[in-house]
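Remember, it's 1-based here, ligands and their atoms both numbered in the order they're listed.
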Amino acid sequence: MTAKATRVLVLNSGSSSLKYQLLDMGDARSDNGSGAARLAVGLVERIGEATSRLAHTPLAAGGATRETTGPIADHQAALKAVADELATDGLGLDSPELAAIGHRVVHGGLKFTAPTVIDDAVLKEIERLVPVAPLHNPANITGIRTAQALRPDLPQVAVFDTAFHTTMPEHAARYAIDVATADAHRIRRYGFHGTSHAYVSRRTAELLGKAPEDINVIVLHLGNGASASAVRGGRCVDTSMGLTPLEGLVMGTRSGDIDPAVTFHLKRVAGMSADEIDELLNKKSGLLGLCGDNDMREIRRRIDGGDERAALAFDIYIHRLKKYIGAYTAVLGKVDAVTFTAGVGENAAPVRAAAVAGLEELGMAVDASLNAVRSDEPRLISPDYARVAVAVVPTDEELEIAQQTYALVTA
Ligand code: AMP
């Protein structure tokens with residue numbers, strides 16, 4: 001690596017999509033206070049279909065988004081198309097300024113507790129974890145292989161969604177099932193959204209003017225997927241997602257917590273197969289299953305129009321959220337901050353107000369006028385008198401992946 005190599009390409013490969021950002025980690029133009037600058041962002045969707053779409057925004061050039069549609073056969077073709085777009089902006093991936101490629105990898109099991117430079121052994125281990133992450137790890141592996149083929153000389157770094165949660169104590173991570181069965185099949189609570197929980201809990205400490213080691217935070221990552229975490233002194237001690245991202249909060253299309261016997265019931269009484277039940281709980285449940293919509297904006301519009309089904313879905317969502325705030329208050333003992341993040345957490349003031357309503361005895365309250373402010377900046381929404389700070393901190397998983405990647409390859 002030359003002294004000039006300060007760029008990091010972040011890749012987030014889904015089964016039929018590829019999201020990317022190119023960041024300059026050494027740029028003086030600060031982005032988010034991190035010293036990093038975003039040079040380009042984009043997304044390839046519907047890979048493998050006739051109507052694949054690439055949307056590319058060259059931020060450094062101040063350019064408008066360029067969109068192309070047409071068949072993109074696979075991830076290799078998608079990354080090649082992205083590389084061509086970047087080259088058009090003078091940001092080609094053959095540039096000596098590129099220091100590394102950082103990959104979001106969903107499941108790192110117990111072995112990967114930190115970002116890791118990818119070699120054959122690491123790839124093999126990510127492959128070994130496919131049975132516990134069948135929807136995500138195969139796409140991540142494809143993304144890594146494709147990027148390796150494009151720049152075999154460059155360090156490729158895996159940043160794991162599960163890594164931040166590997167500090168969970170055994171009593172929080174283990175399910176109360178037969179130990180031999182659990183261990184034979186690696187069944188335990190791993191947690192997800194870890195890069196977001198790590199980033200947001202650290203930014204919360206900054207917002208409070210404290211060191212992460214000195215505060216306890218409950219992070220509520222409320223996007224289409226949603227998870228809560230209890231972070232003591234910068235280390236995760238509990239989180240709501242489990243073996244898979246299905247457990248925990250009510251989500252856009254996932255049920256979250258459910259009596260496991262519901263699944264036997266669906267099999268024995270409703271005659272559904274394991275795959276059908278999987279699809280029901282992951283894709284047709286949550287807010288979507290409850291009211292037919294999974295977008296919180298639409299649900300709020302329907303509630304404002306007097307729609308009772310939407311109102312009940314909202315109440316179920318809030319009830320679960322409140323239970324987790326209470327549970328994690330008990331787990332942490334002392335809470336310094338409750339922080340909302342991701343699409344719903346950052347934008348839906350009614351969700352924040354309702355989730356914290358009635359928690360004054362826990363020291364938590366939301367100031368209505370602060371909560372109504374729309375901003376992209378981290379901010380407090382609790383009144384001065386509240387013992388616990390309630391905050392909104394926009395998450396930035398790509399920046400966190402880029403920072404972890406850059407720190408590792410420049411160490
Ligand atoms: P994410 O997964 O973090 O991208 O969050 C996506 C979700 O955020 C969407 O499904 C919406 O429900 C929600 N969302 C985005 N913008 C708003 C908004 N202005 N108000 C309420 N919810 C929003």
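Numbered from 1 in the order shown, with element, the atoms of ligand 1 that lie under 4.0 Å from a heavy atom of G223 read 1 (P), 2 (O), 3 (O), 5 (O). The R374 neighbourhood of ligand 1 comprises atoms 19 (N), with distances under 4.0 Å to a heavy atom of that residue. Below 4.0 Å from some heavy atom of A348 lie the following atoms of ligand 1, by number and element: 21 (C). Residue contact check: A342 has heavy atoms under 4.0 Å from atoms 3 (O) of ligand 1.
When each of R300, R301, R302, R309 is paired with D293, the salt bridge (Lys or Arg N to Asp or Glu O under 4.0 Å) condition holds for R302 and for no other.
Note: H221 and F340 fail the aromatic proximity criterion, with ring centroids not under 6.0 Å apart.
We find that R66 and D89 are joined by a salt bridge, their nearest charged nitrogen and carboxylate oxygen being less than 4.0 Å apart. Checked for salt-bridge contact, E247 and R188 miss the test: no charged N lies under 4.0 Å from a carboxylate O.
Scanning the protein heavy atoms around atom 2 (O) of ligand 1, the nearest turns out to be N224 N, 2.9 Å. At the shortest separation from atom 19 (N) of ligand 1 among protein heavy atoms lies N347 CB, 3.3 Å. When hydrogens are left out, the protein atom nearest atom 20 (N) of ligand 1 is R297 CG, 3.3 Å; that is the closest non-hydrogen contact. With hydrogens left out, the protein atom closest to atom 11 (C) of ligand 1 is D295 OD1, 3.3 Å, a heavy atom. For atom 13 (C) of ligand 1, the nearest non-hydrogen atom of the protein is V344 CG2, 3.6 Å.
Remark: the T6 side chain and the E97 side chain contain no N/O donor-acceptor pair separated by less than 3.5 Å. Side-chain atoms of R374 and N347 form a donor-acceptor pair, as typed in the model, at a separation below 3.5 Å.
For the pair G343 and ligand 1, the shortest N or O to N or O distance falls below 3.5 Å. Where the criterion is an N or O separation shorter than 3.5 Å, residue side chain and backbone included, M296 meets it with respect to ligand 1.
The shortest non-hydrogen separation linking A40 to L86 is CB-CD2, 3.7 Å.
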Practice task
Take R151 and D94 through the test salt bridge (Lys or Arg N to Asp or Glu O under 4.0 Å) and record every step on the way to the result.
Solution key: CA-CA 8 Å; R151 281 295 304 267; D94 52 356; over 6 Å; no
